[in-house]
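As C-alpha cells, the structure follows; a few thoughts come after it.
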Amino acid sequence: MTHDKTTPILTFRDLPSVNSLLDESAIHLLVEVYGRETVLTEVRHVLQETRSDLQNGNSDLTSIVFLIQQISQNLVEKFQLSLRPVINATGVILHTNLGRAPLSEAALEAVQQVAGSYSNLEFDLETGTRGKRQQHIEDLVSEVIGAEAAMVVNNNAAGVMLTLSALASGQEAVISRGQLVEIGGGFRMPDVMLQSGVKLVEVGTTNRTRLADYERAIRSETTILMQVHPSNFRMIGFTESVPLSELATLAHQHNLLCIDDLGSGALLDTAIYGLEHEPTVQESLAAGADVVLFSGDKLLGGPQAGIIVGKRAVLDRLKKHPLARTLRVDKMTIAALAATLDHYRRGNATTHIPIWSMIAMPLPQLRQIAEHWVALFGGFIVDGESVVGGGSLPGHTLPTALYVVPVASATQGQIALRDYNIPIIARVTENQLVLDPRTILPSQIEIVTAALRQLLN
Ligand SMILES: *Cc1c(COP(=O)(O)O)cnc(C)c1O
C-alpha cells in the first residue's frame, strides 16, 4: 500500500505497519541516534496509541508525517537530561533557583579545556613533582584582592563551617542577635555554628548591638568575634550595629579572631550603577578582619564556590583541617573561578562577566529590546524593577523596561513559555505576563523572539 504521507489516518486500515514506518528515511535517522531497539519500541508505542485513539473515536486527525513527528518528539523528551538551560526573563539577576551566575565566555572555555583533558591540577610543571590545587586560585585571589592568603571550598556555607570548626570548635563565638540570619534553602547561621561544635554567644538585640555588648561577652572560652552580612533583609528605623573595624580592633585587643561572612562579597562598587554600596571584600580586609568569606556565584559572577581570604597563619589552620578535604573543589570549579578572577585582574569584569553586564545595562538599551517586541507582536511596555538577588542588596532595585506580552491568560502564557524547547521563565504580575530583558543573555534574545512568535500566532 502506497499512499501520501499526509493522508489522514481514519481507520485501522490506514495505519502503516511497523515495518513500513521503520523504512521511512526520517526513522532511519532516529535509529542512527537512538539505536534500533529504542526506536522500534517507540514506533510500536505510538502505533498502539493511535489505534486506541481510533477505537475511542478520537477525532484528532493524524497522518504518517504526524506519526513520525510524534515518535521523534517522544524520543527527544525521553532522552532529555533533567538539568538543562533555561532563559531567565524574571529580572532577578542572581536567581538561586535558576543557578545563580551564568559564566563568562572565558570561564566556559577554561572549564572545557581543563575538563576534557588532563591538567596540572596537582602537578608542579617546573619541578615535575606534586603541586597544590589551591595554588591556582590563591595567587590570583591575592593579586586581585590583595589578601595574604586564600582558599576555595564548595560553597560559602562550607566555608563558614570549615572556618568555625577549624578555629573555634569547643569554644565560643560571639555574634549579634541582629545577624543570626537564615540565608535561604534552610541555611540558618545558628545551626551551622552549632554543627561546627562552636558555642554561640548571642549579644545585643535584634535591632541594636553595641561594641560594649561584644566586650561584655568575652571570656576565656571566647575565640571569635563574628560578623554576618544580613544578606536578604534590611533593617530600617531604630537600629545600631558595630562597624567591622571596631569589631576587629576589639578582637585583636583580646587576642581573638575577627571573622566576616560577607555572603555576596562584591569586588566592585555597586554604587556606580545607582545601587546601594554593597560592602566589598577589600573593605573587610582593610577593616582588619582575619578571615573574610564569600560566595563564588553571587556578585563575583563565577561558579558555585566558597572563597576564604585572610591572614596566612589563620588560613594555614583551615587548610590543614580534615574537613578541608571533604569540601575540596573540582577542577572545573577551579578553572571557571580562575577565569572569572582573571577578568577582575584585567579590569574587564563589567564587560565580560554576565551578571555585571546585566547590572550595568542602561535603561534605554532594555527599552529598545522591549520596543522591538512591541513592534513585532503588539503588547506594551511598563516601567519595572530588576533585582540583584542572591542575598545581596535587599530592598534595592534597578529600573527596567518590562515587556507586557499580549496574551489572554497570563498564567497560560507563562506555562507555554516554560514549555518552549529552551524553557523561558517569565513573571506574572498583576495578571500580566511580563518579560524583563535585563536577565536575558544577548545570545538568547532571538530565541525569546521566536518563542513569542510561536506563542502569539
Ligand atoms: C549566601 C550566603 C551564604 C551561603 O553561601 P553559599 O555560597 O550559597 O553556600 C552564607 N552566608 C551569607 C551571609 C550569605 O549571604
Side-chain angles (χ1 to χ4, degrees), residues 92-103 137 141 150-165 167 173 175-196 198 200 209 224-235 241 244 247 258-267 270 275-281 283-284 287 289 291-310 318 323-324 326-330 332-334 336-337 340-341 355 387-396:
V92 181
I93 296 174
L94 292 167
H95 199 306
T96 298
N97 301 150
L98 302 184
R100 290 197 186 150
L103 296 178
I137 294 299
V141 169
M151 77 179 287
V152 52
V153 291
N154 270 325
N155 51 38
N156 191 26
V160 173
M161 177 108 158
L162 171 63
T163 302
L164 291 172
S165 304
L167 303 180
I175 185 169
S176 159
R177 289 199 168 87
Q179 297 173 357
L180 289 171
V181 297
E182 172 166 334
I183 308 301
F187 178 85
R188 287 188 163 173
M189 216 52 200
D191 296 343
V192 176
M193 295 181 81
L194 271 182
Q195 197 62 44
S196 316
V198 176
L200 193 67
T209 304
I224 285 174
L225 301 186
M226 176 126 186
Q227 170 174 276
V228 176
H229 187 274
S231 306
N232 42 16
F233 72 100
R234 202 151 64 99
M235 279 202 289
S241 60
L244 186 63
L247 197 63
C258 175
I259 311 289
D260 186 20
D261 175 12
L262 263 186
S264 209
L267 300 190
T270 48
L275 289 162
E276 171 121 312
H277 176 73
E278 174 80 12
T280 66
V281 181
E283 286 162 359
S284 289
V291 179
V292 181
L293 303 119
F294 59 102
S295 290
D297 55 353
K298 290 184 179 173
L299 278 173
L300 189 75
Q304 179 188 303
I307 301 162
I308 311 173
V309 298
L318 303 192
L323 260 184
T326 70
L327 305 174
R328 123 180 149 176
V329 285
D330 168 64
M332 292 192 273
T333 301
I334 292 177
L337 189 56
T340 304
L341 289 164
I355 63 140
V387 300
V388 176
S392 55
L393 302 161
H396 295 276

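In this chain, residues are counted from 1 in sequence order. Indexing begins at 1, ligand by ligand and atom by atom, following the structure's order. This one's a predicted model, so the numbers in the text were calculated from it and none came from an experiment.
- In this structure, the protein non-hydrogen atom closest to atom 9 (O) of ligand 1 is A157 N, 2.9 Å.
- Counting atoms of ligand 1 from 1 in the listed order, those under 4.0 Å from a heavy atom of G263 are 12 (C), 13 (C), 14 (C), 15 (O).
- Residue R100 touches ligand 1 through its side chain alone, judged by heavy-atom distances below 4.0 Å.
- Close contacts of ligand 1 with H229, meaning ligand atoms under 4.0 Å from a residue heavy atom, involve 13 (C).
- A donor-acceptor contact closer than 3.5 angstrom is absent between the side chains of D297 and Q304.
- Remark: side-chain polar atoms of S176 are paired, donor with acceptor, to backbone N or O of G178 under 3.5 angstrom.
- For atom 14 (C) of ligand 1, the closest non-hydrogen atom on the protein side is K298 NZ, 3.0 Å.
- Residues I175 and L200 meet the side-chain proximity criterion, which asks for heavy atoms closer than 4.5 Å.
- With respect to I308, the side chain to side chain contact (heavy atoms under 4.5 Å, CB included) criterion is satisfied by exactly one of V292, V141, L318: L318.
- Between the side chain of N155 and the backbone N or O of A158, at least one donor-acceptor pair lies under 3.5 Å.
- Closest to atom 5 (O) of ligand 1 among all protein heavy atoms lies N156 CB, 3.1 Å.
- Of the listed residues (L103, V329, V152), just one forms a side chain to side chain contact (heavy atoms under 4.5 Å, CB included) with L337, and that residue is V152.
- A donor-acceptor contact shorter than 3.5 Å links the side chain of T270 to the backbone of E278.
- For Q304, no heavy-atom contact with ligand 1 is shorter than 4.0 Å.
- Of all the listed residues (G296, G265, S295, A305), S295 holds the heavy atom that lies closest to atom 7 (O) of ligand 1.
- Scanning all protein heavy atoms for the shortest distance to atom 13 (C) of ligand 1 gives S231 OG, 3.1 Å.
- Distance alone, capped at 3.5 Å, is enough to place a donor-acceptor pair between the T280 side chain and the E283 backbone.
- At the top of the distance list for atom 11 (N) of ligand 1, counting protein heavy atoms only, stands D261 OD2, 2.7 Å.
- Looking at D297 next to ligand 1, no N or O pair under 3.5 Å apart turns up.
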